[in-house]
Number of protein chains: 2
Amino acid sequence: MTIRLTDKRKQILQVLKRQHGTMSVKDIHNKLPKIDQVTIYRSLDLFVKNKLIKEVHLGKEGMLYEYQTEPHHHAICDDCRKVRHFTAPDEKIKKLLGLEDFEVEEIEVIVKGVCKK
Amino acid sequence: MTIRLTDKRKQILQVLKRQHGTMSVKDIHNKLPKIDQVTIYRSLDLFVKNKLIKEVHLGKEGMLYEYQTEPHHHAICDDCRKVRHFTAPDEKIKKLLGLEDFEVEEIEVIVKGVCKK
DNA sequence: TAGTATATGCAAATCATTTGCAATTGCGAT
DNA sequence: ATCGCAATTGCAAATGATTTGCATATACTA
Ligand SMILES: [Mn+2]
Ligand SMILES: [Mn+2]
Ligand SMILES: [Zn+2]
Ligand SMILES: [Zn+2]
């Protein structure tokens, strides 16, 4: 019943905090090759359940994880595949959605397009 | 180079059109047990590439597909898992996002919450 | 109708994620 | 500080979704 603050968990969370952006399980494993992938999977699940990190689905590839300083959304460039992180006035968007009989807890906006650069 | 309008492809598209909502590959295969799952996968890929249908990621489970009469978004109830489909003023939302140096082509809003009812 | 490129089925491969289990370790209670 | 034990970890194997290779079947074109 008790959740332990193990060294491995600290390392995994550190890696996610340092990286500003999303990481796959493999990304994390590359930075921490000593830690088994299974342990990474289990730790990430734990962090997600305890809302320390967020899961993000951005395409077919597989789940991505990120430590979020503040809630934000994602835009993906169809050309270069780069992911842009941006904040938005969620309350205003929520009003525009006009969802009746539904208690909105979280809004996730995913934008597809291309970098103008 | 030529894309054939085969009977199997027609059947698969029909099933998606009739169903109002999302379907998994297994859902489709259950309705069309005679058609091999691989054929369903390949047909769906083709339809997506040709923008006849949309792919939707709504959770860990796996990819979902839907024939969209008109563009819309999705809300998922954390309790009953039911998916609600709703339209929104995308242009207004787009303005709220304030994405600089990015050519927005498509906005996908995924809402998490619970049914009030 | 014949010829050929495209589509299909079946088996096997691949990829991400999960599960079982034995060995290890963190931490609360002595 | 040491003990006892539940929580954690690693390794191997299982799962589940999706993809690939290849031989056969079929749609469309000429
Ligand atoms: Mn982000
Ligand atoms: Mn829909
Ligand atoms: Zn780009
Ligand atoms: Zn519900």
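The sequence lines fix the lettering, A, B, ..., with proteins before strands; numbering per chain opens at 1.
- Checking B:T39 against B:D36 by side-chain atom types alone, no donor-acceptor pair falls below 3.5 Å.
- For the pair B:L46 CG and C:dT8 P, the interatomic distance rounds to 9 Å; values are reported in whole Å.
- Between the CG atom of B:L32 and the C1' atom of C:dT8 there is a distance of 14 Å, given to the nearest Å.
- OP1 or OP2 of D:dT9 has not a single side-chain nitrogen or oxygen of A:K34 nearer than 4.0 Å.
- Atom CD1 of B:I12 is separated from atom C1' of C:dA7 by 11 Å (rounded to the nearest Å).
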Which atom pairs link the protein and nucleotides 24-27 of chain C when you take only N or O atoms and keep those under 3.5 Å?
{"from": "C:dT25", "atom 1": "O2", "to": "A:R4", "atom 2": "NH1", "distance (Å)": "3.1"}
{"from": "C:dG26", "atom 1": "N2", "to": "A:R4", "atom 2": "NH2", "distance (Å)": "2.9"}
{"from": "C:dG26", "atom 1": "N3", "to": "A:R4", "atom 2": "NH2", "distance (Å)": "3.3"}
{"from": "C:dC27", "atom 1": "OP1", "to": "A:L5", "atom 2": "N", "distance (Å)": "3.2"}

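- Between A:D36 atom CG and C:dA16 atom C1' the separation is 14 Å, expressed in whole Å.
- Atom P of nucleotide C:dA16 and atom CE of A:M23 are separated by 15 Å, given to the nearest angstrom.
- By the 4.0 Å N-to-carboxylate-O rule, B:E55 lies close enough to A:K60 to be salt-bridged with it.
- Within a 6.0 Å sphere centred on OH of B:Y65, heavy atoms belonging to other residues, nucleotides or ligands number more than 12.
- Annotation: side-chain contact (heavy atoms from CB on, under 4.5 Å) contacts of B:Q37 (sequence neighbours excluded): B:V25, B:K26, B:H29, B:Y41.
- Whole-Å rounding puts the B:Q11 CD to C:dT8 P distance at 10 Å.
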Summary of protein contacts for nucleotides 15-24 of chain D, nucleotide by nucleotide, where a base hit scores B, a sugar-phosphate-only hit scores S (4.0 Å, heavy atoms): --SBBBB---
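- Using bins of under 30°, 30° to 60° and over 60° for the plane-to-plane angle, the ring pair B:H85/B:H74 lands in the perpendicular bin.
- Judged by distance alone, the side chains of B:H72 and B:E66 do bring a donor and an acceptor atom under 3.5 Å apart.
- Put simply, NE2 on A:H57 is 14 Å from P on C:dA16, counting in whole angstrom units.
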